[in-house]
A.B. asks: 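The structure that follows is given in the form of structure tokens.
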Amino acid sequence: QVQLVESGGGLVQPGGSLRVSCAASGSSFSLGVMGWYRQAPGKERELVASITSDLRTNYAASVKGRFTISRDNAKNTVYLQMNSLKPEDTAVYYCKAALMYGDYVGDYWGRGAQVTVSS
């Protein structure tokens with residue numbers, strides 16, 4: 001079994017910083033592109049950032065210059081460093097990974113981490 005587990009969410013003041021992490025646990029799997037999505041209450045889930053296995057990155061325009069996605073393949077972990085946070089960044093942040101596990105190939109999602117930006 002493979003799991004994606006997010007951590008590092010919480011409450012932060014506007015202008016502050018937060019780093020969320022997503023670690024894949026299990027064995028006998030490979031990870032392709034990984035990304036972060038977010039969803040505010042009552043709104044659609046949107047892509048925040050993604051990173052390929054060869055470290056190419058992609059960012060939503062709303063976060064570019066403020067957020068940085070990175071990954072540590074040795075730890076099977078992807079990170080999202082969030083700086084200059086705004087109230088509109090408040091959402092549940094979900095980790096997504098392309099997973100190769102035996103004959104299975106597909107997308108795998110974490111359960112989400114709440115990020116609240118408020119004074």
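Keep in mind it's a predicted model, so treat the numbers as computed, not measured.
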A.B. asks: Side chains of Val115 and Leu18: closer than 4.5 Å at any heavy-atom pair?
C.D. replies: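 Side-chain contact under 4.5 Å: yes.
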
A.B. asks: Mind listing the closest non-hydrogen atom pair of Tyr59 and Thr68 along with its distance?
C.D. replies: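 What the structure gives for the nearest pair is OH-CA, 3.4 Å.
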
A.B. asks: When clusters are formed by joining ILVMFWY residues with side-chain heavy atoms under 4.5 Å apart, either directly or through shared neighbours, do Val48 and Leu55 land in the same one?
C.D. replies: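 They do share one cluster, since a chain of ILVMFWY contacts under 4.5 Å joins Val48 to Leu55.
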
A.B. asks: Nearest 0.5 Å, please: how far is CZ in Arg38 from CD in Glu44?
C.D. replies: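 The CZ atom of Arg38 is 14.0 Å from CD of Glu44, to the nearest 0.5 Å.
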
A.B. asks: Is there a chain of hydrophobic side chains (I, L, V, M, F, W, Y, each step under 4.5 Å between heavy atoms) that links Met100 to Ile51?
C.D. replies: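 No, Met100 does not connect to Ile51 through the hydrophobic network.
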
A.B. asks: Would you kindly confirm whether Tyr104 and Phe29 end up in one hydrophobic cluster when ILVMFWY residues are joined by side chain heavy atoms under 4.5 Å apart?
C.D. replies: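 Same cluster: Tyr104 reaches Phe29 through Ile, Leu, Val, Met, Phe, Trp or Tyr contacts under 4.5 Å.
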
A.B. asks: I'd like to know if the side chain of Tyr93 reaches the main chain of Trp36, judged simply by a donor and an acceptor atom lying under 3.5 Å from each other, with no hydrogens or angles considered.
C.D. replies: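 Not at all, since once roles are kept as given, no pair shorter than 3.5 Å links the two residues.
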
A.B. asks: Running the 4.5 Å side-chain criterion over Ile, Leu, Val, Met, Phe, Trp and Tyr, what cluster does Val92 land in, apart from itself?
C.D. replies: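 Reading the cluster by chain and number, Val92 sits alongside Tyr37, Leu47, Tyr94, Trp109.
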
A.B. asks: Which atom names give the shortest non-hydrogen contact between Cys22 and Leu4, and what distance separates them?
C.D. replies: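 Nearest pair, atom of Cys22 first, then Leu4: SG-CB, 3.8 Å.
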
A.B. asks: Considering only heavy atoms from C-beta outward, does the side chain of Asp107 approach that of Leu99 to under 4.5 Å?
C.D. replies: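 The answer is no, as the side chains (C-beta and beyond) never meet within the 4.5 Å cut-off.
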
A.B. asks: Minimum heavy-atom separation for Ser70 to Val78, with atom names?
C.D. replies: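 Nearest pair, atom of Ser70 first, then Val78: O-CG2, 3.1 Å.
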
A.B. asks: Testing the basics here: between Cys95 and Met34, what is the closest heavy-atom pair and its distance to 0.1 Å?
C.D. replies: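 Scanning both residues completely, I find the closest heavy atoms to be SG-CE, 4.5 Å.
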
A.B. asks: Arg71 side chain to Asn76 main-chain N or O, any donor-acceptor pair under 3.5 Å?
C.D. replies: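 Not confirmed, Arg71 side chain does not pair with Asn76 backbone.
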
A.B. asks: Kindly say whether Lys75 contributes a backbone atom to a donor-acceptor pair with the side chain of Thr77 at under 3.5 angstrom?
C.D. replies: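 Yes; judged by distance alone, with no hydrogens or angles, the pair exists.
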
A.B. asks: Can you pull the side-chain hydrogen bond (donor to acceptor under 3.5 Å, both in side chains) pairs that have at least one residue in residues 110-119, sequence neighbours excluded?
C.D. replies: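 Listed once each, the pairs are Gln114-Thr116.
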
A.B. asks: Tell me the side-chain hydrogen bond (donor to acceptor under 3.5 Å, both in side chains) pairs involving residues 3-27, sequence neighbours left out?
C.D. replies: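 Only Ser17-Asn83 qualify under side-chain hydrogen bond (donor to acceptor under 3.5 Å, both in side chains).
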
A.B. asks: Identify the heavy atoms of Leu31 and Ala97 that sit nearest to each other, and give their distance.
C.D. replies: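 In terms of heavy atoms, the two residues are closest at CD2-CB, 3.9 Å.
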
A.B. asks: Taking C-beta and beyond as the side chain, do Val20 and Met82 meet within less than 4.5 Å on heavy atoms?
C.D. replies: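 Result yes, sub-4.5 Å side-chain heavy-atom pair found.
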
A.B. asks: Is it the case that one hydrophobic cluster holds both Tyr79 and Phe67, taking links as side-chain heavy atoms less than 4.5 Å apart, direct or via other members?
C.D. replies: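 No, no single cluster joins them.
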
A.B. asks: Taking atom CG of Asp103 as the centre, report whether more than 12 heavy atoms of other residues, nucleotides or ligands fall under 6.0 Å from it.
C.D. replies: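 Check fails, neighbour count at 12 or below.
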
A.B. asks: Considering non-hydrogen atoms only, spot the tightest contact between Arg66 and Asp89 and give its length.
C.D. replies: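 It is NH1-OD2, 2.8 Å.
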
